[in-house]
Amino acid sequence: MRVSQLFGKTLRDEPAEAETVSHRLMLKAGLIHQVAAGVYSYLPLAWRSLRKIEQIIREEMEAAGGQELRMPALQPRELWEQSGRAEAFGPTLFTLQDRRERAMIIAPTHEEVITSIVRANVRSYRDLPLILYQIQTKFRDELRPRGGLIRVREFDMKDAYSFDPDEDGLDNSYRAMVQAYKNIYSRCGLPYLMVEADSGAIGGKDSHEFILLAESGEDVVIQCATCGYAANAEKAKSVKPPQKMESLLPLGEVHTPGIKTIEDLARFLGVPKSKTLKAVFYWADGQVVFVTIRGDLAVNEVKLKNALRATDLRLATSQEVEAAGLVAGSASPIGLKGIKSVADDSILLGFNFVVGANKPDYHLRNANYPRDFAADVITDIALAEEGQGCERCGSPLGQARGIEVGHVFKLGTRYSETFGATFLDREGVQRPILMGCYGIGVGRLLAAAIEQNHDEKGVVFPIAISPYAVYLCPLQMNDPQVSQAAESLYKTLLEEGVEVLYDDREESPGVKFNDADLLGLPVRLVVSSRTLREEIVELKRRKEQKPRLVPWAEVSVTLKDTLAGE
RNA sequence: CGGGGUGUAGCGCAGCGGUAGCGCGCCUGGUUUGGGACCAGGAGGUCGGUGGUUCGAACCCACUCACCCCGACCA
């Protein structure tokens, strides 16, 4: 491809809209064009890159036994009412009416449709196992799209679905998909992290996410460098340090004027935060929930949501708290009546806690469970944090931010039961099919790859997903010797099947070098009157500072070696 | 939805009551050519929209729309 013909311009000024690195670089390098919030066009360079990613995904899906198909984005809303997900997705679901005023949706994902298809086509255990996948555009009306291609409202996703007759089969399919995912990221040249993930209120058991570490990531990962434990912070567990055994002391009131926070309380009374209990109020599906957790820990809302089996959870407003007869800042689990209560199991790991007295400016000392208070549910609802102990090996946990670029899930029979996707087993018994689902955001993967692979000058593409492999850069196009040499090298490389972007513009060297660095193709070849005199070509890897000088006759061999080593 | 911010030429910005400017990019000609060259000439804007105030509005007021950031939310 000739740069003079290429559609898409690089920008000299930093686009003001973009803060996230990948967003900024993709706009600046002319890879994408924004149409609306969270809606982008892919320009030719980005599209090449995306197609390469898709191709890798396809190959690995096929290798894992997947069969590609294609489902519609436009679907009857009825299907989603049936699965209960119209409500679960809420306003995130793009909704419209057709001319007959039938309610339609534009699909955010495809469990409903794939299950319907499979129901119609699978009768017997002989039809299983099955892995079906597609690469298709999804639509989600996210409340806040962000970071260029990181979180968008229209995006391409590879979604795969597995169908098995039993748990063992599901385990096998899951393992095969996990392996395929690992292969995909490796082949893309992207170091990834596989972490345990929350499967949500309606999910199945196992779920893992594939994360590319990046500062701009939306997800927090908790990991143990010693034993390798890694989990999304939403899911992660950690050791809650136990307190020393103490004999239980009698409950007693203490005056705490103006003290409302745990920090102030601990300082005022001269006790560690772990000797206090924190009260937090949530609003779960229309009622106030009283949450108790040890003062040194924070509530993990995903765990809490799961513990409550709630679909809608948020912090309660002060009005809601007041209406429930609670005193914020001095609320107490003691004497709680008529309010749903959840406690973190950390309340079992300590003695003689300071708690609220449920009247302003007073707290109670020496509260002990179960002597002084009760809770409807006691379970782990604490947020694992950096520095806490690993649940598996006890070593201190680390914490990092990352971008979720893949998610695998064991769905079980959630959808097969709803849609009646069953099969007859060997004994002639009708049973629901066990399902798994497996997603990769293609555009997000490209964005995340750029987040991970760039420097101050621009993108540094891993070769497997780079739009082209080589940037051929003649410096004086008006010098016939240079342009002829460059033309002939271009043709040779094309004939040899090298993917080359040929900068045939009559631009100054600075412009060309800067564009080359910005776009970040793995190898740059420079032809100039100077190199021509010495019968060499300058070959520079984007990752390295220093170029190599290669004799003209050896260019194509050396180039191929270099590309093979990328 | 709450908080913050921005809408003026393709991109980056200035102008903040007197009828629109700068840099980059773009077009023409010439000179240049190893890290975003130079000279000369030129094209390009209903100043996000609507309504109001005013002799006069890019500028003041009201409403509205869009976009960005933080949070909430989010397979």
Side-chain angles (χ1 to χ4, degrees), chain A residues 8-20 23-24 27-30 33-40 83 85 88-93 107-111 138 140-148 150-153 157 159 161 197-204 207-209 216 218-219 232 234-235 282-283 301-302 305-306 311-315 317 404 406-411 414-415 436-441 457-458 473-479 482-483 505-518 524 526-533 538 540 545 547 549:
Chain A
K9 276 206 184 327
T10 57
L11 302 174
R12 291 210 182 176
D13 293 307
E14 297 294 328
E17 292 282 80
E19 288 197 1
T20 312
H23 188 196
R24 212 185 72 231
L27 288 171
K28 200 176 176 194
H33 182 259
Q34 181 168 10
V35 176
V39 181
Y40 290 87
S83 68
R85 290 212 300 178
F89 266 92
T92 302
L93 198 61
T109 174
H110 283 76
E111 281 79 9
K138 308 282 194 243
R140 296 181 188 176
D141 197 357
E142 300 282 354
L143 282 170
R144 189 154 98 79
R146 73 183 93 188
I150 302 279
R151 176 174 290 275
V152 285
R153 297 192 296 170
M157 179 171 168
D159 46 323
Y161 305 88
D198 177 62
S199 54
I202 52 175
S207 176
H208 289 87
E209 286 171 353
S216 56
E218 295 179 306
D219 286 87
N232 191 310
E234 293 176 346
K235 162 90 175 181
Y282 282 89
W283 188 256
E301 295 188 4
V302 173
K305 196 169 171 177
N306 290 341
T311 53
D312 182 31
L313 181 80
R314 58 169 170 79
L315 282 171
T317 64
E404 179 191 346
H407 200 155
V408 296
F409 243 102
K410 287 185 186 172
L411 289 172
R414 155 93 174 80
Y415 294 93
C437 72
Y438 316 89
I440 292 182
K457 290 182 169 171
C473 189
L475 291 190
Q476 302 88 11
M477 279 305 282
N478 62 338
D479 176 340
V482 172
S483 58
R505 298 174 300 171
E506 287 200 28
E507 288 287 353
S508 69
V511 170
K512 292 186 167 191
F513 288 153
N514 279 296
D515 278 349
D517 289 340
L518 175 60
R524 186 186 78 191
V526 175
V527 176
S528 70
S529 43
R530 194 200 287 175
T531 64
L532 226 46
R533 264 199 303 278
E538 177 186 300
K540 183 184 161 301
Q545 286 305 311
L549 301 176

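Throughout, protein chains are lettered first and strands after them, A, B, ... in sequence-line order, and every chain is numbered starting at 1. From a predicted model like this one, the values you see are computed outputs, not experimental measurements.
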Under 3.5 Å for both donor-acceptor distances, Watson-Crick or wobble: does [N] have a partner, and if so which one?
N: B:A40; result: B:U28
N: B:G7; result: B:C65
N: B:C74; result: none
N: B:U53; result: none
N: B:C47; result: none

Quiz item: Using the P atom in both, what is the distance from B:G12 to B:G17, to the nearest Å?
Solution: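 Straight-line distance between the two P atoms is 26 Å.
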Exercise. Give one of base, sugar-phosphate or nothing for A:Asp515, where a contact means two heavy atoms less than 4.0 Å apart.
Key: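 The answer is base, as A:Asp515 lies within the cut-off (heavy atoms under 4.0 Å) of a base atom.
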Quiz item: When all nucleic acid strands are considered with a 4.0 Å heavy-atom cut-off, which category describes A:Glu301: base, sugar-phosphate, or nothing?
Solution: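 The residue A:Glu301 makes sugar-phosphate contact but no base contact.
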Among [options], which nucleotide sits nearest the side chain of [X]?
X: A:Asp13; options: B:U33, B:G35, B:G23; answer: B:G23
X: A:Arg151; options: B:G34, B:C74, B:C26; answer: B:C74
X: A:His407; options: B:G36, B:G34, B:A75; answer: B:A75
X: A:Gln476; options: B:G34, B:C73, B:G36; answer: B:G34
X: A:Asn514; options: B:G35, B:C11, B:G34; answer: B:G35

Self-check item: Euclidean distance, atom CE of residue A:Met477 to atom P of B:U32 [Å, nearest integer]
Solution: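 So the CE-P distance, A:Met477 to B:U32, works out to 18 Å.
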Exercise. Starting at atom CZ of A:Arg24, determine the distance to atom C1' of B:G12, rounded to an integer number of angstrom.
Key: 14 Å
Classify the side chain of [X] and the base of [N] as holding, or not holding, a donor-acceptor pair under 3.5 Å.
X: A:Glu111; N: B:A75; value: yes
X: A:Asn478; N: B:U33; value: yes
X: A:Arg505; N: B:G36; value: no

For a 4.5 angstrom cut-off between non-hydrogen side-chain atoms, does [X] reach [Y]?
X: A:Tyr161; Y: A:Glu111; result: yes
X: A:Val482; Y: A:Ser529; result: yes
X: A:Arg524; Y: A:Phe513; result: yes

Practice problem: Mind checking ring pair (Phe, Tyr, Trp, His ring centres under 6.0 Å) for A:His23 and listing every partner two or more places apart, or none if nothing turns up? | Solution: A:Tyr40
Exercise. Just jot down the ring pair (Phe, Tyr, Trp, His ring centres under 6.0 Å) partners of A:Phe89, sequence neighbours excluded, or say none.
Key: A:Trp80
Quiz item: When you check every protein heavy atom under 4.0 Å of nucleotides 66-71 of chain B, what one-letter string (B, S, -) results, 5' to 3'?
Solution: -SSBBB
Quiz item: Does A:Arg12 place a side-chain N or O at less than 4.0 Å from the phosphate oxygens OP1/OP2 of B:G36?
Solution: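 No, no such contact exists.
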